[in-house]
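Since the structure comes first, as structure tokens, the remarks are kept for the end.
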Amino acid sequence: MLRALIWDVDGTLAETERDGHRLAFNQAFAEAGIDRCWDVETYGRLLEVTGGKERILHDWKLRHPGAEVPASLAQGLGALHRRKNALYAQIVRRGDIALRPGVARLLREARAQGLRQAIATTTSRENCEVLLQATLGSEAGALFDGIVCGEDVRAKKPDPEAYVRALGILGLEAGDCLAIEDSRPGFLAARAARLPCLLVPGVYGNRTELAAVCSGAVAVIGSLEHAPAPGGGPVSVEWLRSLQSNRPD
Ligand code: XBP
Ligand code: MG
């Protein structure tokens, strides 16, 4: 029985990464005098590591195999990341990032049909809140029963902790919920929490490749505006319910 949807944020609710977080990271690097600029492709590879601070360190380690992270980077990481989030907030507030097609409609439809809804994200709470405010405004409070962010967990995705906490807030069993994700780390996190997972890859996800590495997803679709045939049309709660028979366990 489908009782709740648990939504990922970055890449799922909105395409925040390429033209949001990435640009903010690059501007923060430039302001801090750090000689690093992530192009679209490089950033796509770095998304395998979730969490902004973790991603910066991962990139440095990739480029300096076996070397110790310099004290200047380790000590400046918190301030660098705070500045990056402030720059990200500016981008979101000026309206450059929209919800992905079909997201607002499905959020409202699920609510209207009595489904509970939560967010399980590895982004910082301030980023999540600014995005919800800029896209859904005051309606966001009525759509979600709980929001789990990066600060709320000890281990970020692909660790299941964010999903386990979201389930705790909802007070539901994993089998009664559906996770909606865009990425491999997100899928792994959902599955490790034993949640059925619908994958909706966006600009950073190749649908075919993701389907191959994420076997066990209830479905892999390109957009919430287009449910696959035979039903077709926008993804509805009814269509999500029909996926229950695809659950891996
Ligand atoms: C995606 C992430 C985040 C963002 C950046 O989260 O991994 O790290 O890229 O946000 P999700 P921070 O897909 O789980 O929503 O810099 O605040 O970490
Ligand atoms: Mg994501």
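Counting starts at 1 for both ligands and their atoms, following the listed order.
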Backbone, side chain, both or neither: what part of [X] comes under 4.0 angstrom of ligand 1, heavy atoms only?
| X | value |
| --- | --- |
| Y43 | side chain |
| E54 | neither |
| V9 | both |
| E17 | side chain |
| K53 | neither |

Whether the Y163 and E181 side chains hold a donor-acceptor pair (N or O, under 3.5 Å, no angle test) is what I'd like checked.
yes

What N/O/S atom of D8 gets nearest to the Mg ion (ligand 2)?
OD2

Please name the atom of D182, limited to N, O or S, that comes nearest to the Mg ion (ligand 2).
OD1

Would D10 count as a contact for the Mg ion (ligand 2), in the sense that one of its N, O or S atoms lies under 2.8 Å from it?
yes

Backbone or side chain, does E181 get an N/O/S atom under 2.8 Å to the Mg ion (ligand 2)?
no

Return the CG to CZ distance between L47 and R55, rounded to the nearest 0.5 Å.
5.0 Å

Please report the interatomic distance CG(L5) to CG(L240), rounded to the nearest 0.5 Å.
6.0 Å

Closest to atom 15 (O) of ligand 1 (judged by heavy-atom distance), picking from T122, N85, T121
T121

Going by heavy atoms, is G51 under 4.0 Å from ligand 1?
yes

